[in-house]
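Take a look at the structure below.
Starting from 1, each residue takes its place in the sequence as its number.
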Amino acid sequence: MAEHFVYLALGTNLGDRLANLRNALAILPPRVVPVQFSHIYETEPWGYANQPAFLNMVIAAETSLSPAELLVFLQQAEGRLGRQVSFPNGPRLIDLDILFYDDWIVATPPLVIPHPRLHERAFVLVPLTDIAPDHLHPVLGETTWRLLQMVNLAGIKGFAAYV
């Protein structure tokens, strides 16, 4: 099976946040094999402010799953880790999002790749730039480093170098 290179965002703001990230990383293999890890950042909530701070990170990984299969796998992993359905931008035990899948552009609801709002979100761009500063956004034609220069970095603090 062909291996594809993906970037995934991980976020959590409920319970033992660091353990939630560790558990998420542990549940991914062998279907999704992490090969690079960003630092972990503590970030203010985005979209709905009345909730605890998040821990966010980004990983690069290899997978033989198709984009649609990867989405289902990540949603099932969130469920196995205890994520409860909530409201948009609400608190969550774990959130696993596909940022990039190779250099593919996918727009088949419910899946949109690259992630449609990643360029607006410092909590994604800061850790993504840790591991992929020169990655070119296939729709916007800008590197992640350049996209990072266009967002407000307030409310983002380094938390840990490693999971």
Between Ala53 and Asn13, which heavy-atom pair has the shortest distance, and what is it?
-> O-CB, 3.2 Å
Side-chain heavy-atom pair Arg92, Phe54 within 4.5 angstrom cut-off = yes
Closest approach of Ala60 and Ile131, non-hydrogen atoms and distance?
-> N-CD1, 3.6 Å
Indicate yes or no: at least one non-hydrogen side-chain atom of Glu142 is less than 4.5 angstrom from one of Met150.
-> yes
Between CG on residue Asn56 and CD1 on residue Ile40, distance to nearest 0.5 Å | 10.0 Å
Rounded to the nearest 0.5 Å, what separation is found between the OG1 atom of Thr144 and the CD atom of Gln149?
-> 10.0 Å
Roughly how far, to the nearest 0.5 Å, is the OG1 atom of Thr12 from the CG atom of Asn20?
-> 3.5 Å
Cluster check Leu18, Leu25: I/L/V/M/F/W/Y, side chain < 4.5 angstrom | yes
Is there a path of hydrophobic side-chain contacts, each under 4.5 Å between heavy atoms of I, L, V, M, F, W or Y residues, that connects Val112 with Leu70?
-> no
In sequence, state the C-alpha distance, the side-chain angles, and the governing distance for Glu78 and Asp95, and then conclude on side chain to side chain contact (heavy atoms under 4.5 Å, CB included).
-> CA-CA 7 Å; Glu78 290 174 341; Asp95 190 28; 3.4 Å; yes
His135 side chain reached by Leu128 side chain, heavy atoms, under 4.5 Å = no
Could you pull out the closest heavy-atom pair between Ser64 and Glu69, with the gap in Å?
-> O-OE1, 4.4 Å
Trp145-Ile156 co-clustered via ILVMFWY side chain contacts under 4.5 Å | no
Minimum side-chain heavy-atom gap Ile98-Pro67 below 4.5 Å | no
Which distance, rounded to the nearest 0.5 Å, do you find between the CG of Asp16 and the CG of Leu14?
-> 11.5 Å
Please test Val151 against Val126 for side chain to side chain contact (heavy atoms under 4.5 Å, CB included), starting from the C-alpha separation and ending with a verdict.
-> CA-CA 10 Å; Val151 297; Val126 169; over 6 Å; no
Hey, what's the ring geometry for Phe5 with Tyr7, parallel, tilted or perpendicular (30° and 60° as the breaks)?
-> perpendicular
Do the non-hydrogen side-chain atoms of Ile59 and Leu28 ever get within less than 4.5 Å of each other?
-> yes
Is the backbone of Arg31 close enough, under 3.5 Å, to the side chain of Thr63 for a donor and an acceptor to pair up by distance?
-> yes
Pair Val139-His119, side chain to side chain contact (heavy atoms under 4.5 Å, CB included): steps then yes or no | CA-CA 11 Å; Val139 173; His119 64 285; over 6 Å; no
What is the ring orientation for Phe100 with His137, classed by angle as parallel under 30°, tilted 30 to 60°, or perpendicular over 60°?
-> perpendicular
Check against side chain to side chain contact (heavy atoms under 4.5 Å, CB included), Ile94 and Asn23 | CA-CA 9 Å; Ile94 194 68; Asn23 292 339; over 6 Å; no
Indicate yes or no: at least one non-hydrogen side-chain atom of Asp103 is less than 4.5 angstrom from one of Leu136.
-> no
Only one of Met57, Gln36, His39 forms a side chain to side chain contact (heavy atoms under 4.5 Å, CB included) with Asp130, so which one is it?
-> His39
Heavy atoms of Leu125 and Leu148 approach each other most closely as CB-CD1, 3.8 Å
Approximate separation, where rounding is to 0.5 Å, of Phe73 CZ and Leu65 CG = 7.0 Å
Do Pro91 and Pro45 have side-chain heavy atoms sitting under 4.5 Å apart?
-> no
Taking only Lys NZ, Arg NE, NH1 and NH2, and the carboxylate oxygens of Asp or Glu, determine whether Arg17 and Glu42 approach each other closer than 4.0 Å.
-> yes
Within one Ile-Leu-Val-Met-Phe-Trp-Tyr cluster: Leu81 and Val33, side-chain cutoff 4.5 Å | no
Quick one: closest heavy-atom pair of Leu111 and Ala68, and the distance?
-> CD2-N, 3.8 Å
CD1/Ile113 to CG/Leu118 distance, rounded to the nearest 0.5 angstrom?
-> 11.0 Å
Leu93, Leu10: one ILVMFWY side-chain cluster at the under-4.5 Å cut-off?
-> no
Can you name the nearest heavy-atom pair linking Ala122 to Asn152, along with the distance?
-> CB-O, 3.4 Å
